[in-house]
Trainee: 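Can you read through this structure? Questions will come right after.
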Amino acid sequence: LPISCTIPVTVQDSACPLVIKIPESANCIEGESFSLSATYNGDDVTANTNWTNGDSSIKAASITSGGLVKCLAEGTAYIFAEYGNEKAFTILDVKFSPVYTITSSTNISSLNFSRNGDFTIIVKGSFTSSKLTTLATKLQKAASTFKYELDLSNMIGITEIPNQTFYACKGMTKLSLPEGITAIWKSAFYNCTALEKLYLPASLKNLYSNCFDFCPITEIYFAGTLKEYFLMSKDYTWINDSASYDLYIENELISDVTVPSTISRVVPGIFVTIALLLSSNLFKRLLFPTLGRPIMATFIPLYSILVSS
């Protein structure tokens, strides 16, 4: 009978003439690849070894005829090597990947987000709006029991986030947008009910209606100047349950704006303008627990102070 053994290290086992070698650098995590090799009585026989997957459905990992392993999904894979009349096998325990790196060549439809476990999605390189929509649709269909961060900061080729693109992506907790984005259109991130942190580029000029409505945002990081922030956001109406967020300009905390829940429509530029009138300790911690409806503030024509400060 052929000898079967599992050697998940690069050490020869004298009890088994056919040995499968796994590189010490191999990482059995979803999305990773590495090459196996085989020795017979100490001689390298990789080129003449027949490699097969013991899992006919090839769920956890696949292997090519040349011994290249591709880790596909969390689970266990049995990899068999055959050289002449000798056989050996190794067991690969593929782990869940906390990071998905997506490029223009990634088959987004094959990605499996339907699991419990927090993770990060990183989009790199040239991308199209249709590809971004495909990703968003995949996330919208995923279960909301896990949380994830969406990092688009290294994405190029897109200048606007279209209407309703990431509508109701309820697992998203953090969003980073790339330099080059100039507009976020209507309801683009509407009802992302876990979204708390925003990283916005200096290139962003327009926020259109409802784009971040019903997102419990607590921190906004803006890469531009304070003047550019208010020019970008002064006409946008924020709606969420707590209407409170910290504003960071160049990673420095500028303000903590808190508005009572009875005020449903909040214009941040107007409130900070009022603070210029009422507070000598500007942009430190601004609280408006009894302020009336924002329509009252629109009669104070102080945008000139805002944009020149």
Side-chain angles (χ1 to χ4, degrees), residues 1-127 131 134-135 138-139 142-143 146 148-151 154:
L1 293 175
I3 299 174
S4 297
C5 59
T6 302
I7 311 294
V9 292
T10 58
V11 177
Q12 169 93 18
D13 184 346
S14 59
C16 180
L18 181 60
V19 177
I20 297 173
K21 290 187 174 183
I22 301 176
E24 292 182 357
S25 60
N27 201 356
C28 287
I29 294 178
E30 289 178 343
E32 297 290 329
S33 299
F34 53 88
S35 292
L36 300 179
S37 60
T39 62
Y40 183 76
N41 287 329
D43 297 327
D44 189 347
V45 294
T46 304
N48 298 311
T49 298
N50 181 38
W51 301 92
T52 57
N53 192 323
D55 179 6
S56 59
S57 61
I58 314 181
K59 293 180 179 179
S62 64
I63 188 165
T64 67
S65 59
L68 178 64
V69 173
K70 293 184 178 181
C71 298
L72 304 176
E74 187 175 19
T76 301
Y78 295 85
I79 304 298
F80 289 86
E82 184 174 359
Y83 173 71
N85 292 324
E86 301 293 346
K87 289 184 179 180
F89 72 89
T90 189
I91 301 173
L92 301 179
D93 187 16
V94 180
K95 301 297 185 181
F96 163 69
S97 174
V99 178
Y100 292 89
T101 300
I102 299 175
T103 67
S104 59
S105 61
T106 300
N107 181 4
I108 295 175
S109 299
S110 68
L111 297 177
N112 180 17
F113 297 136
S114 297
R115 65 185 68 231
N116 290 321
D118 297 348
F119 60 91
T120 298
I121 299 172
I122 300 175
V123 175
K124 290 186 175 182
S126 181
F127 232 60
K131 189 93 171 179
T134 300
L135 173 61
K138 188 82 173 180
L139 291 172
F146 57 82
Y148 58 88
E149 299 177 0
L150 180 60
D151 184 355
N154 293 301

Trainee: Is a donor on one side and an acceptor on the other found under 3.5 Å between the side chain of Thr46 and the backbone of Ala38?
Mentor: yes
Trainee: To the nearest 0.5 Å, what is the distance between OG1 (Thr106) and NZ (Lys124)?
Mentor: 11.0 Å
Trainee: On a heavy-atom basis, which atom in Thr64 and which in Trp51 lie closest, and how many Å separate them?
Mentor: O-CB, 3.7 Å
Trainee: Could you walk me through whether Thr49 and Leu36 pass side chain to side chain contact (heavy atoms under 4.5 Å, CB included), step by step?
Mentor: CA-CA 10 Å; Thr49 298; Leu36 300 179; over 6 Å; no
Trainee: Heavy-atom count check: over 12 atoms from other residues, nucleotides or ligands less than 6.0 Å from Lys138 NZ?
Mentor: yes
Trainee: Is there side-chain contact between Asn53 and Ile79, with at least one heavy-atom pair below 4.5 Å?
Mentor: yes
Trainee: Please list, chain by chain and in numerical order, all residues satisfying ring pair (Phe, Tyr, Trp, His ring centres under 6.0 Å) with Tyr83, sequence neighbours excluded.
Mentor: Tyr40
Trainee: With side chain to side chain contact (heavy atoms under 4.5 Å, CB included) as the criterion, how do Ser62 and Leu72 come out once you've worked through the C-alpha distance, each side chain's angles and the decisive distance to 0.1 Å?
Mentor: CA-CA 7 Å; Ser62 64; Leu72 304 176; 4.2 Å; yes
Trainee: At what distance, to the nearest 0.5 angstrom, does CG of Leu150 lie from OH of Tyr148?
Mentor: 7.0 Å
Trainee: Do the side chains of Ile108 and Tyr100 get nearer than 4.5 Å, heavy atoms only?
Mentor: no
Trainee: Would Val94 and Thr76 count as a side chain to side chain contact (heavy atoms under 4.5 Å, CB included) if you check the C-alpha gap in whole Å, the side-chain angles of each, and the deciding distance to 0.1 Å?
Mentor: CA-CA 6 Å; Val94 180; Thr76 301; over 6 Å; no
Trainee: About how many Å separate CD1 of Ile122 and OG1 of Thr101, when rounded to the nearest 0.5 Å?
Mentor: 4.5 Å
Trainee: Tell me, do Ile22 and Leu92 make a side-chain contact under 4.5 Å, heavy atoms counted?
Mentor: yes
Trainee: Verify, without hydrogens or angle tests, whether Lys131 (side chain) and Ser104 (backbone) share a donor-acceptor contact under 3.5 angstrom.
Mentor: yes
Trainee: Could you tell me if the side chain of Ile102 sits less than 4.5 Å from the side chain of Phe127, heavy atoms only?
Mentor: yes
Trainee: Could you report the tightest heavy-atom contact between Phe80 and Gly54, atom names first, then the distance?
Mentor: CE1-CA, 3.6 Å
Trainee: For the pair Leu18 and Val45, evaluate side chain to side chain contact (heavy atoms under 4.5 Å, CB included) and give the outcome as yes or no after the intermediate values.
Mentor: CA-CA 9 Å; Leu18 181 60; Val45 294; 4.2 Å; yes
Trainee: Find the distance between CD (Glu82) and CG (Asn48) and round it off to the nearest 0.5 Å.
Mentor: 12.5 Å
Trainee: Are any of the side-chain heavy atoms of Lys21 and Thr39 separated by less than 4.5 Å?
Mentor: yes
Trainee: In chain order, what residues pass the side-chain hydrogen bond (donor to acceptor under 3.5 Å, both in side chains) check against Ser105, with sequence neighbours excluded?
Mentor: Thr103
Trainee: Would you find more than 12 non-hydrogen atoms of other residues, nucleotides or ligands less than 6.0 Å from Tyr78 atom OH?
Mentor: no
